[in-house]
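Encoded as structure tokens, the structure appears first; notes follow it.
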2 protein chains.
Amino acid sequence: MLKLKSQVCFPIYALSREITSTYRPFLDELDITYPQYLVMMVLWEEDPQTVNQIGHKLDLDSGTLTPLLKRLQAKELISRKRKSCDERVVEISLTPAGKNLEKAAEQVPLKVMEAMNVTAEELQELKDVVTKILNKQRTRV
Amino acid sequence: MLKLKSQVCFPIYALSREITSTYRPFLDELDITYPQYLVMMVLWEEDPQTVNQIGHKLDLDSGTLTPLLKRLQAKELISRKRKSCDERVVEISLTPAGKNLEKAAEQVPLKVMEAMNVTAEELQELKDVVTKILNKQRTRV
DNA sequence: TTAAATTAAATTGTGCACAAGTTAATGTGG
DNA sequence: CCACATTAACTTGTGCACAATTTAATTTAA
């Protein structure tokens, strides 16, 4: 049981890092990191959103998001503004540059899939198994 | 393509963090982190090993390992010593406390599997798909 | 109405990851 | 033999993750 080869969790951990490093060269061209890319993707789907909403979708807390969002703000891809109706809430909006970045990012998923050298079928199979297990976690909590 | 739901990589990233947080309470009892646990597992299989050997098995470089190993040394679970035949190489050995920790860690995999609420079959399925894709990466590089 | 509880975000501190560069020891070709 | 390349580990700097605490705003309940 305590052998690395018999572990399931280590391959997941290794694959997760492998994926991030496959994304890196393509995201370097956009001057963002993988977690920043995830946040931008969430905002490209719906804009604006609160820190809480983004955190809920990505399973990240404000301890991770606050500094990350400040870095995206420093790159002028997003703006941060407290809501007047509830001063506790910070609303994140895309800047024009942030909206424009979506076009440049359009080719990233395809490039990554090519670089990972996997077929769409393998990816789908992987996703199905992973989400099945992830959903079990969510329903349990 | 740029929607979070259509992404394969995000579920992997999310599952990897989910796994680490499932391990956390059990590893807290041993006073080690998940990456530290991986290093200990590698050493329980073969002792001693060089920093390079450990790094090769876990896909981690010395920039990550050196400080991690120093923390394990501070906990007195391992010792670090330069080889006399080649002073560039640092050899990592388990201390008696490091060897003893294996017994305490024996139940961790089972406890984690229970806590994750998954069957052995699901885990095997997950592992098969993940390692298939991971191996493609390795052979490509 | 106001004291207590709750909530949202920020802050602080620790520990990975990893790129890039450094240091020191060992190998190698001329 | 010795300059040069290579190698192993270390160091430095940036950016996550995440636990724990703090701050400030809002909600609630007595």
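All chains are named by letter (A, B, ...) in the order of the sequence lines, taking the proteins before the strands, and each is independently numbered beginning at 1.
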Interatomic distance where CD1 belongs to B:Ile78 and P belongs to D:dA9 [whole Å]: 12 Å
Phosphate-side-chain proximity, B:Gln36 and C:dG15, N/O vs OP1/OP2 below 4.0 Å: no
Below 4.0 Å: OP1/OP2 of C:dC16 and any side-chain N or O of B:Lys70: no
Pairing nucleotide - D:dA30, Watson-Crick or G-U, each distance under 3.5 Å: C:dT1
Contact under 4.0 Å: A:Arg88 side-chain N or O vs C:dT6 OP1/OP2: no
Side-chain N,O (B:Arg71) to OP1/OP2 (C:dT14) below 4.0 Å: no
Of A:Tyr13 and A:Val51, the one whose closest DNA chain C nucleotide lies more 5': A:Val51
Nearest-neighbour nucleotide for the B:Glu87 side chain, D:dT11, C:dA9, C:dT26 considered: C:dT26
C:dG15 OP1/OP2 closer than 4.0 Å to side-chain N/O of B:Lys75: no
Nucleotide C:dG15, atom C1' - distance to CG of B:Leu38 in whole Å: 14 Å
Residues A:Glu29 and A:Arg24 bridged, charged N to O under 4.0 Å: no
Sugar-phosphate, base or nothing in reach of B:Ser21, heavy atoms under 4.0 Å: nothing
Ionic contact status for A:Glu91 with A:Lys81, cut-off 4.0 Å: no
5'-most by nearest nucleotide on DNA chain D - B:Glu91 or A:Cys85: B:Glu91
Below 4.0 Å: OP1/OP2 of C:dT7 and any side-chain N or O of A:Asn52: no
Basic-acidic side-chain contact under 4.0 Å: A:Glu122, B:Lys136: yes
Touch class at under 4.0 angstrom, heavy-atom based, for B:Thr33 against every strand present: sugar-phosphate
Donor-acceptor contact present, side-chain B:Asp61 to main-chain B:Thr64, <3.5 Å: yes
Using nucleotides 1-5 of chain D, report all nitrogen or oxygen pairs with the protein that are shorter than 3.5 Å.
none

Sugar-phosphate, base or nothing in reach of A:Leu65, heavy atoms under 4.0 Å: nothing
Distance in angstrom units between B:Lys83 NZ and D:dA9 C1', rounded: 14 Å
Side chains of B:His56 and B:Asn52 in contact at under 4.5 Å (non-hydrogen atoms): no
Nucleotide nearest B:Asp61 when distance is taken to its side chain, options D:dC10, C:dA19, D:dA19: C:dA19
Nearest listed nucleotide, side chain of A:Val90, among C:dA17, D:dC16, C:dA9: C:dA9
Side-chain touch B:Leu2/A:Met40, heavy atoms, less than 4.5 angstrom: no
Any B:Arg80 side-chain nitrogen or oxygen under 4.0 Å from OP1 or OP2 of D:dC10: yes
Check ion pair B:Lys5-A:Glu45 (N to O, under 4.0 angstrom): no
Distance test, side-chain N/O of B:Thr66 to OP1/OP2 of D:dC10, below 4.0 Å: yes
5′-ward residue of the pair A:Arg17/A:Pro67 relative to DNA chain C: A:Pro67
Minimum-distance nucleotide to B:Asp86 side chain [options: C:dA10, D:dA25, C:dA25]: C:dA25
A:Arg82 side-chain N/O to D:dA24 phosphate OP1/OP2 under 4.0 Å: no
Protein-nucleotide distance (A:His56, atom NE2; C:dA8, atom P), rounded to Å: 11 Å
Smallest separation among heavy atoms of A:Leu94 and A:Leu43, with atom names: CD1-O, 3.6 Å
Partners passing ring-ring contact (aromatic ring centres under 6.0 Å, His included) against B:Tyr37 (at least two apart in sequence or in another chain): B:Tyr23
